[in-house]
Amino acid sequence: MLESGRAEQIISRVRAVPAGFVSTYGDLCPGAPRAAGRALAECEDPSLPWQRIVRADGSLAKGSRQRRLLIAEGVPFRGRRVEMDVARVPAEALDQLASDLEHADPARGTR
DNA sequence: CGGGTGACGAATA
DNA sequence: ATATTCGCCACCC
């Protein structure tokens with residue numbers, strides 16, 4: 001069950017982005033950022049934090065709706081764009097976090 | 001095979 | 001700073 005399909009891989013990375021941070025289409029799928037956008041557009045899973053995926057320059061694909069959700073999570077903005085220098089999670093970090101999710105132990109680390 | 005499309009990215013004007 | 005153009009690649013017919 002690793003479902004390591006192209007889309008599945010992208011989706012798993014989206015889930016790896018922590019609240020209050022963002023990542024880019026290019027980081028989700030280097031070399032084919034549009035495939036990432038495609039995956040998000042097709043995926044209807046409401047538990048998917050799609051709003052945390054923004055363009056490389058910090059602009060939003062989904063406009064005000066997306067902006068509102070991100071601000072609610074505490075993502076720093078500069079005008080209409082996300083402050084990428086502060087909130088961006090690089091591709092490598094995403095893989096790291098994705099691995100961490102598999103180890104998700106809510107009871108371990110609580111002391 | 002090709003041709004068109006897109007929740008993109010980078011370069012250019 | 002914004003608008004346009006081009007390049008890229010995955011997916012569909």
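So you know, we letter chains A, B, ... as the sequences are listed, proteins then strands, and number each from 1.
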Quick one: [atom1] on [X] to [atom2] on [Y], what's the gap to the nearest 0.5 Å?
{"X": "A:I71", "Y": "A:Q66", "atom1": "CD1", "atom2": "CD", "value": "11.0 Å"}
{"X": "A:L69", "Y": "A:L60", "atom1": "CG", "atom2": "CG", "value": "10.0 Å"}
{"X": "A:L48", "Y": "A:L40", "atom1": "CG", "atom2": "CG", "value": "6.0 Å"}
{"X": "A:S12", "Y": "A:L97", "atom1": "OG", "atom2": "CG", "value": "11.5 Å"}

Quick check: do A:V75 and A:V86 have side-chain heavy atoms less than 4.5 Å from each other?
no

A:R13 side chain to A:L94 main-chain N or O, any donor-acceptor pair under 3.5 Å?
no

Quick one, which residues of residues 64-91 of chain A touch DNA chain B with a heavy atom under 4.0 Å?
none

List in numerical order all residues of residues 49-62 of chain A for which some heavy atom is under 4.0 Å away from an atom belonging to DNA chain B.
A:W50, A:R55, A:A56, A:A61

Minimal non-hydrogen separation, A:D27 against A:P90, with atom names:
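Here A:D27 and A:P90 meet closest at OD2-CA, 4.0 Å.
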
B:dA7 versus C:dC13 - spacing of their P atoms, nearest Å:
16 Å

Would you please name every residue forming a side-chain hydrogen bond (donor to acceptor under 3.5 Å, both in side chains) with A:R80, sequence neighbours left out?
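Expected list: none.
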
Residue pairs, two or more places apart or on separate chains, that pass salt bridge (Lys or Arg N to Asp or Glu O under 4.0 Å) and touch residues 55-72 of chain A:
none

Listing request: all salt bridge (Lys or Arg N to Asp or Glu O under 4.0 Å) pairs with a residue in residues 37-53 of chain A, at least two apart in sequence or in separate chains.
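Every salt bridge (Lys or Arg N to Asp or Glu O under 4.0 Å) pair that includes a residue of residues 37-53 of chain A, provided the two are not neighbours, is A:R15-A:D45, A:R38-A:E42, A:R52-A:E73.
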
Identify all pairs in which a protein N or O lies below 3.5 Å from an N or O of nucleotides 8-11 of chain C, and state each distance.
residue	atom	partner	partner atom	Å
C:dC9	O4'	A:G31	O	3.2

